[in-house]
Amino acid sequence: MGSVLIVDGANVVGARPDGWWRDRAGAAARLHEQLLVADVEYDAVVLVLEGQAKGGVRAGRDAHVRTVHAPKDGDATIVAEARKAAEKGDRVVVVTADRALDARVHGAGATTLSPTWLLSRL
């Protein structure tokens, strides 16, 4: 059993009005780089990307960060990742401000933290 932090990439990137909408792939790449050195106490970090953001980071593992490309919508992929980790017995936390997603991941056995919490540690 371990601890897993699942990051709703679109939601976290969207929480900073830094022009991310002009370069979604670049914003995803910056978030990925920040997660690699972030001060978070989790055994694993899962970054879920969707749409144009997927062009910024290849899918796969890089140190303790695993990037997952959502085939369609990010929410379904986030819920699936949360459920999979919770079923293994891991403590799962999802970073999102999306209220509908919050309810779905709680049903999958996860808790949530806000993008502000994560951004303060990057």
Side-chain angles (χ1 to χ4, degrees):
M1 287 187 3
S3 58
V4 178
L5 183 70
I6 301 174
V7 179
D8 179 349
N11 201 263
V12 172
V13 165
R16 284 192 282 208
D18 62 0
W20 59 265
W21 51 89
R22 290 188 297 270
D23 181 12
R24 294 170 195 265
R30 287 189 297 279
L31 176 59
H32 178 262
E33 291 300 315
Q34 291 171 324
L35 289 171
L36 287 173
V37 296
D39 184 20
V40 294
E41 297 177 4
Y42 290 85
D43 299 318
V45 176
V46 178
L47 172 60
V48 177
L49 300 176
E50 60 185 86
Q52 295 174 357
K54 295 188 290 189
V57 184
R58 66 174 174 71
R61 184 172 302 283
D62 190 2
H64 66 287
V65 177
R66 183 169 56 91
T67 301
V68 177
H69 287 177
K72 293 186 181 177
D73 70 293
D75 289 5
T77 300
I78 291 166
V79 172
E81 289 289 328
R83 182 171 287 116
K84 183 169 55 173
E87 287 173 353
K88 288 186 349 190
D90 291 333
R91 181 174 63 90
V92 184
V93 176
V94 174
V95 178
T96 189
D98 182 318
R99 288 185 180 175
L101 179 58
D102 180 281
R104 290 176 66 192
V105 298
H106 274 89
T111 59
T112 57
L113 288 170
S114 73
T116 305
W117 172 87
L118 180 60
L119 291 171
S120 72
R121 285 156 177 79
L122 298 181

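Values reported hereafter were calculated over all heavy atoms of this structure, with side chains retained and with hydrogens, waters and symmetry mates removed. None of the values given here were measured: they were computed from a predicted structure.
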To the nearest 0.5 Å, what is the distance between CG on N11 and CD1 on I78? 8.0 Å
Quick check: closest heavy atoms across Q34 and L122, and the distance to 0.1 Å? OE1-CD1, 3.7 Å
Is L31 linked to L101 within one hydrophobic cluster, defined over Ile, Leu, Val, Met, Phe, Trp and Tyr using a side-chain heavy-atom separation of less than 4.5 Å? no
Minimum side-chain heavy-atom gap W117-V40 below 4.5 Å: yes
Working to the nearest 0.5 Å, report the span between CG of L5 and CG of L47. 10.0 Å
Heavy-atom count check: over 12 atoms from other residues, nucleotides or ligands less than 6.0 Å from D18 CG? yes
Which atom pair, heavy atoms only, marks the closest approach of V13 to A27? CG1-CB, 3.6 Å
Salt-bridge test for E33 and R30: reply yes if a basic N is under 4.0 Å from a carboxylate O, no otherwise. no
Flag side-chain contact, heavy atom, 4.5 Å: V68 against V46: yes
Do the side chains of I6 and V95 join up, straight or via other hydrophobic residues, at under 4.5 Å, putting them in one cluster? no
Is H69 reaching over with its side chain to a backbone N or O of V57, donor-acceptor style, under 3.5 angstrom? yes
State plainly whether one hydrophobic cluster holds both V92 and V45, where clusters connect Ile, Leu, Val, Met, Phe, Trp and Tyr through side-chain heavy atoms under 4.5 angstrom apart. no
Rounded distance [0.5 Å steps], CG in D8 versus CG in D75: 6.0 Å
So do P71 and T77 actually touch side chain to side chain, heavy atoms under 4.5 Å? yes
So which heavy atom on A108 is nearest to which on V79, and how close? CB-O, 4.2 Å
Between D43 and S3, is there a donor-acceptor pair closer than 3.5 Å when you use the side chain of the first and the backbone of the second? yes
Looking at every non-hydrogen atom in both residues, tell me the closest pair between L49 and G9 and how far apart they are. CD2-CA, 4.3 Å
So, for H32 and D62, which heavy atoms are closest and what is the spacing to 0.1 Å? CE1-OD2, 3.2 Å
For A70 and V48, which heavy atoms make the closest approach, and how far apart are they? CB-CG1, 4.3 Å
Given the rule that I, L, V, M, F, W and Y join up when any side-chain heavy atoms are under 4.5 Å apart, are L113 and V4 in one cluster? no
R104, H106, R99 screened by side chain to side chain donor-acceptor pair (under 3.5 Å) with D102, the one that passes: H106
Are K84 and E87 close enough, and set up right, to give a salt bridge (charged side-chain N to carboxylate O under 4.0 Å, His left out), and what steps lead you there? CA-CA 5 Å; K84 183 169 55 173; E87 287 173 353; over 6 Å; no
When clusters are formed by joining ILVMFWY residues with side-chain heavy atoms under 4.5 Å apart, either directly or through shared neighbours, do V93 and V7 land in the same one? yes
Nearest-0.5 Å distance, NZ of residue K54 to CZ of residue R24: 13.5 Å
